[in-house]
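To start, the structure under review is shown below, and the notes come after it.
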There are 2 protein chains.
Amino acid sequence: MTTSSKINNPKELGQYLLEERKRLKLTQKEISEYTDVGRKFVLELEKGKPTAQIGKIFELLNGLGLELHLIKRGEADSWKP
Amino acid sequence: MTTSSKINNPKELGQYLLEERKRLKLTQKEISEYTDVGRKFVLELEKGKPTAQIGKIFELLNGLGLELHLIKRGEADSWKP
DNA sequence: ATAAAAAGTGTCCGATCTGGGATTTTTTGC
DNA sequence: GCAAAAAATCCCAGATCGGACACTTTTTAT
């Protein structure tokens, strides 16, 4: 199964990442050890930190098995390969 | 026609944003005036700056009419301890 | 072809903030 | 009750971002 979620702001990003981590039954510590980020970063990102750096976010997305897609407004169904 | 772009890292993000800005025939200055970011930020982001902050990136995406989607494929827990 | 305008790039300054590590406190779960 | 997880604090070297200015390249117009 493949799911897509539209993320509008840092707050929603954090909430989604938290939910996804829970689904995978991982702790912040496990995530931060597998990916190259600190536990504090995971903590703050999940809380919606707007100043988190994009490079670190990509590392975390990879660790969680998530892909980032950009879709032009009005073409929200276009991510399908 | 629908358009989807998978973005894997800051470099690809910058390249895509540059291309989209060109499609819209906007200048860096115009973008930075409509959104709440500086011209230098636009410049550096388009060059692939990995330390750009996510909150500002969301502002830019809105300005360009782009949506950010997170897509999950499978159950990416193969590495789970 | 030439000149002018626009776009892009780079650098300086400064207030503010990052993110990792370590430690401590609070919450959660069994 | 107890241990693990999560959250909250410090410290601090280093980086961000915006604004301003100077310079170069590209585009546009005559």
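Throughout, protein chains are lettered first and strands after them, A, B, ... in sequence-line order, and every chain is numbered starting at 1.
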**Request:** Heavy atoms under 4.0 Å is the rule here; annotate nucleotides 24-30 of chain C 5' to 3' with B where the base is hit, S where only the sugar-phosphate is, and - elsewhere.
**Result:** -------
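- Contacts of B/Lys29 with the nucleic acid, taken as non-hydrogen atoms under 4.0 Å apart, are absent.
- With B/Glu46 as reference, B/Leu18 is the one residue of B/Leu18, B/Leu13, B/Ile31, B/Leu60 to meet the side-chain contact (heavy atoms from CB on, under 4.5 Å) rule.
- For the pair A/Arg39 (side chain) and A/Ser32 (backbone), a donor-acceptor distance under 3.5 Å is absent.
- For the atom pair A/Ile57 CD1 and A/Lys49 NZ, the distance stands at 10.0 Å (nearest 0.5 Å).
- If you take CD of B/Glu30 and P of C/dG8, they are 9 Å apart, rounded to a whole angstrom.
- Over its full length, the helix from C/dA1-D/dT30 to C/dC30-D/dG1 turns its helical axis through 70°, comparing axes from the five pairs at each end and rounding to 10°.
- Atom CG of residue A/Leu70 and atom CG of residue B/Leu66 lie 5.5 Å apart, to the nearest 0.5 angstrom.
- The shortest distance between side-chain heavy atoms of A/Leu64 and A/Leu17 falls below 4.5 Å.
- To the nearest 0.5 Å, the span separating CG on A/Asn9 from CD on A/Gln15 amounts to 8.0 Å.
- Classification of A/Glu19 and A/Lys22 as a salt-bridged pair fails, no side-chain N sitting under 4.0 Å from a carboxylate O.
- On the nucleic acid side, DNA chain D has its first and last nucleotide under 4.0 Å of a heavy atom of chain B at D/dA15 to D/dG19, going 5' to 3'.
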All N/O contacts under 3.5 Å from nucleotides 10-17 of chain C to the protein, with atom names and distances to one decimal?
from	atom 1	to	atom 2	distance (Å)
C/dG10	OP2	B/Lys47	NZ	2.6
C/dC12	N4	B/Lys40	NZ	3.2

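- With sequence neighbours left out, A/Lys56 forms a side-chain hydrogen bond (donor to acceptor under 3.5 Å, both in side chains) with no residue at all.
- Judged purely by atom type and a 3.5 angstrom limit, A/Glu12 uses its side chain to pair as donor or acceptor with the backbone of A/Asn8.
- Using a 4.0 Å cut-off on heavy atoms, the residues of residues 8-25 of chain B that approach DNA chain C are B/Arg21, B/Lys22, listed by number.
- Rounded to an integer number of Å, the gap from CD of B/Gln28 to P of C/dG8 is 5 Å.
- Distance alone, capped at 3.5 Å, is enough to place a donor-acceptor pair between the A/Glu30 side chain and the A/Thr27 backbone.
- A cation-pi arrangement is absent between B/Arg21 and B/Tyr34 under the rule of less than 6.0 angstrom and at most 45 degrees off the ring axis.
- Once rounded to the nearest 0.5 Å, the distance linking CD1 of A/Ile7 with CG of A/Leu68 reads 9.0 Å.
- To the nearest 0.5 Å, the span separating CG on A/Leu61 from CD1 on A/Ile54 amounts to 7.5 Å.
- Looking at B/Glu44 and B/Lys40, no side-chain N of the basic residue comes within less than 4.0 Å of a carboxylate O on the acidic one, giving no salt bridge.
- Note that CD of B/Gln28 is 11.0 Å distant from CG of B/Leu26, once rounded to the nearest 0.5 Å.
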